[in-house]
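Along the sequence shown, residues carry numbers from 1.
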Amino acid sequence: DDPGDRLPEADIARMEGILELIADEPFHGRADLPKLAEEAELADKGLLDVSSALTLLGFAHMDHGDIILTELGQRYVQADNPGRQAIFGKQLVENVPLIAYIHHGLEQDPSGDLHEDLFLRLLQFTLNEADARSALRVAIEWGRYGDLFEYDFHTGAIHLPEDEASSDL
């Protein structure tokens, strides 16, 4: 996988909402996509992005037009918020090359601090500027939720979470 692969435009709250919906009545872990779209009041593009994200992260898989929760997806739904964040972060590092690359770069950098432009330039080797910005925005949102890194909206700096950065001293 190329770190410059496009990431699905799926926000965390929407992904969690869909996971919870699939896990619960009337779906019990397996949902027909058109019924799920109707139930979630999601347009096709939104559902496609969320389904792609859940599949990418190993929380669900597709089968004949149905989306099915994996065992990990079930564990995620049952976890408390810190548990969800830990599972999410682990899945990001294992399944999303861009996020793994950013996290690894931060761990290798003595300051634990890198500017977003570095990653935008990298992404622009394989994506146009709009797609590169979109992929990086999703990566930052997901990585922050997974507690892999933090982002300063004023400076554009991406850095390791405080506890992780100081534990290496």
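Taking both residues in full, the closest heavy atoms of Thr155 and His115 are given as O-NE2, 2.8 Å, listed atom of the first, atom of the second, then distance. Closest of all the heavy-atom pairs between Leu120 and Arg133 is CD1-NH1, 3.2 Å. The two atoms that bring Ala139 and Ile102 nearest to each other are CB-CD1, 4.3 Å, heavy atoms only.
Listed by chain and number, the residues in a side-chain contact (heavy atoms from CB on, under 4.5 Å) with Asn128 are Ala130, Asp131 (sequence neighbours excluded). Contacts of Phe125 classified as ring pair (Phe, Tyr, Trp, His ring centres under 6.0 Å), with partners at least two apart in sequence or in another chain: none.
In this structure, the side chain of Glu150 does not engage the main chain of Pro161 through any donor-acceptor pair within 3.5 Å. Between the side chain of Gln124 and the main chain of Ala132, no donor-acceptor pair closer than 3.5 Å is present.
Residue pairs meeting the salt bridge (Lys or Arg N to Asp or Glu O under 4.0 Å) criterion with at least one member in residues 85-98, sequence neighbours excluded: Lys90-Glu94. Listed by first then second residue, pairs satisfying side-chain hydrogen bond (donor to acceptor under 3.5 Å, both in side chains) with a partner in residues 30-43 read Arg30-Asp63, Arg30-Asp66, not counting sequence neighbours.
At a threshold of 4.5 Å between side-chain heavy atoms, the hydrophobic network of Ile, Leu, Val, Met, Phe, Trp and Tyr places Val93 and Leu136 in one connected group.
Checked against the 6.0 Å centroid threshold, Phe153 and Tyr151 count as a close aromatic pair.
Under the 30°/60° scheme for interplanar angles, the aromatic rings of Trp142 and Phe88 are found to stand perpendicular.
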Tell me which donor-acceptor pairs under 3.5 Å the side chains of residues 48-61 have, and how far apart each pair is, sequence neighbours excluded?
unit_1 : atom_1 : unit_2 : atom_2 : d
Asp49  : OD1    : Lys45  : NZ     : 3.3
Asp49  : OD2    : Lys45  : NZ     : 2.6
Ser51  : OG     : Leu47  : O      : 2.8
Ser52  : OG     : Leu48  : O      : 2.8
Thr55  : OG1    : Ser51  : O      : 2.7

Please list every donor-acceptor pair under 3.5 Å in which a side-chain atom of residues 20-27 meets a protein atom from a residue at least two apart or in another chain.
unit_1 : atom_1 : unit_2 : atom_2 : d
Glu20  : OE2    : Arg84  : NH1    : 2.9
Glu20  : OE2    : Arg84  : NH2    : 2.8

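When only modelled atom types and interatomic distance are considered, Tyr76 and Glu16 share a side-chain donor-acceptor pair under 3.5 Å.
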Before you tell me yes or no, could you show the steps for Asp113 and Ile158 under side-chain contact (heavy atoms from CB on, under 4.5 Å), namely the whole-Å CA-CA distance, both residues' side-chain angles and the distance that decides it to 0.1 Å? CA-CA 6 Å; Asp113 201 351; Ile158 303 170; 6.0 Å; no
